[in-house]
Amino acid sequence: MGWLTRFLAAVAFLAIGVIFSPETFGSKSVSQLSTYLKLAHLLSFSTAFGAALWVTFIGGIIMFKNLPRHQFGNLQSKMFPAYFWLVGVCCATSVGSFGYLHPWKSASTAEKYQLGFLLSSLAFNLANLFVFTPMTIEMMRQRHKVEREENIGTEVGWSKNQEAAKTNPKLAAMNKKFGMIHGFSSLANIMSFGGLAMHSWYLAGKLNL
């Protein structure tokens, strides 16, 4: 199934949901604009949360444990910018829609905290997109060049890199610098996910099942 087919299928399901929504059958308790904003918030938040959950705790770990290390790094260098763009756009949409639905002057304390959580997720994600990820990718490419000179990088895992670093001071220094930058990137990603996770608890409290 191609990308366009999947997109059209998702749009079709969304259209069916709109047709069978309570507003369609005569309920006027919620304005149409408010409903659209709530939908935008829910879809953007759930997309950001789901993407962050998969990339952070599942997909990345599976790839690292099964792909040759250089292949894994090259794949991540293509995937992470797209991932941070997606989460960034979704977080920005969530902030905008939530802020419109809950204006600061009339918002409750809980709503102000939630807007803060969403803004922090957006900020940490943007830091990764524009600062830490480009630095990590550049450092990774430099280290790959040195590793190829040592005839390593096609293995799965870190063992050969660590062995080579014992006799190659340049590689050892690169490992240290890469670890520091990658650590900041990982921390920013976890903090961004944490803000989304705290907002998920707020949304769960709003459900009336």
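Quick caveat: nothing in here was measured; it's all calculated off a predicted structure.
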Results of salt bridge (charged side-chain N to carboxylate O under 4.0 Å, His left out) for [X] - residues two or more places apart only:
{"X": "K78", "result": "none"}
{"X": "E155", "result": "R69"}
{"X": "E138", "result": "none"}

List the atom of [X], the atom of [Y], and the distance in Å for their closest heavy-atom pair.
{"X": "G73", "Y": "M140", "value": "O-SD, 3.3 Å"}
{"X": "F49", "Y": "A197", "value": "CE1-CA, 3.7 Å"}
{"X": "A107", "Y": "H102", "value": "CB-O, 3.9 Å"}
{"X": "S77", "Y": "I137", "value": "O-CD1, 3.5 Å"}
{"X": "T136", "Y": "S185", "value": "OG1-CB, 4.2 Å"}

Treat each ILVMFWY residue as a node, draw an edge where side-chain heavy atoms are under 4.5 Å apart, and state whether [X] and [Y] are in one component.
{"X": "Y83", "Y": "L129", "answer": "yes"}
{"X": "Y113", "Y": "M191", "answer": "no"}
{"X": "M79", "Y": "I61", "answer": "no"}
{"X": "I181", "Y": "L187", "answer": "no"}
{"X": "F124", "Y": "W54", "answer": "no"}

(message) Donor-acceptor check, side chain of N74 to backbone of H70, threshold 3.5 angstrom: yes or no?
(response)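 Judged by distance alone, yes, a pair lies under 3.5 Å.
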(message) Please check this pair: side chain of N66 against backbone of I62, looking for a donor-acceptor N/O pair closer than 3.5 Å.
(response)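 Yes; judged by distance alone, with no hydrogens or angles, the pair exists.
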Nearest-0.5 Å distance, [atom1] of residue [X] to [atom2] of residue [Y]:
{"X": "N161", "Y": "E147", "atom1": "CG", "atom2": "CD", "answer": "4.5 Å"}
{"X": "K206", "Y": "K38", "atom1": "NZ", "atom2": "NZ", "answer": "9.5 Å"}
{"X": "L75", "Y": "L67", "atom1": "CG", "atom2": "CG", "answer": "6.5 Å"}
{"X": "L196", "Y": "T47", "atom1": "CG", "atom2": "OG1", "answer": "11.0 Å"}
{"X": "L37", "Y": "T93", "atom1": "CG", "atom2": "OG1", "answer": "10.5 Å"}
{"X": "Q76", "Y": "M63", "atom1": "CD", "atom2": "CE", "answer": "4.5 Å"}

Quick one, [X] and [Y] - any side-chain contact, counting heavy atoms below 4.5 Å?
{"X": "V55", "Y": "F80", "value": "yes"}
{"X": "M135", "Y": "F184", "value": "no"}
{"X": "L171", "Y": "R143", "value": "yes"}
{"X": "L39", "Y": "T35", "value": "no"}
{"X": "L118", "Y": "Q114", "value": "no"}
{"X": "F132", "Y": "S186", "value": "no"}
{"X": "R148", "Y": "H144", "value": "yes"}

Would you tabulate the side-chain donor-acceptor contacts of residues 84-92 under 3.5 Å, counting partners in other chains and residues two or more places apart, or write 'none'?
none

(message) Applying side-chain contact (heavy atoms from CB on, under 4.5 Å) to V95 and L115, what does each step give before you reach the verdict?
(response) CA-CA 7 Å; V95 168; L115 185 60; 4.1 Å; yes
With a sphere of 6.0 Å drawn around [atom1] of [X], does it hold more than 12 non-hydrogen atoms of other residues, nucleotides or ligands?
{"X": "K177", "atom1": "NZ", "result": "no"}
{"X": "Y100", "atom1": "OH", "result": "no"}
{"X": "M198", "atom1": "CE", "result": "yes"}

(request) In sequence, state the C-alpha distance, the side-chain angles, and the governing distance for L203 and H41, and then conclude on side-chain contact (heavy atoms from CB on, under 4.5 Å). (result) CA-CA 11 Å; L203 292 180; H41 180 71; 4.2 Å; yes
(message) Looking only at the aromatic ring of each residue, does the gap between the centers of F193 and F57 stay below 6.0 angstrom?
(response)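 For F57 and F193, the ring centres are under 6.0 Å apart.
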(message) Less than 6.0 angstrom separating the ring centers of F117 and H199, yes or no?
(response)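 No, the ring centres sit 6.0 Å or more apart.
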(message) Using the side chain to side chain donor-acceptor pair (under 3.5 Å) criterion, which residues pair with E150? Sequence neighbours excluded.
(response)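 Partners of E150 by the side chain to side chain donor-acceptor pair (under 3.5 Å) criterion, ordered by chain and then number, come out as N168.
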(message) Once side chain to side chain donor-acceptor pair (under 3.5 Å) is applied, do any residues pair with S44, and if so which ones, sequence neighbours excluded?
(response) S94
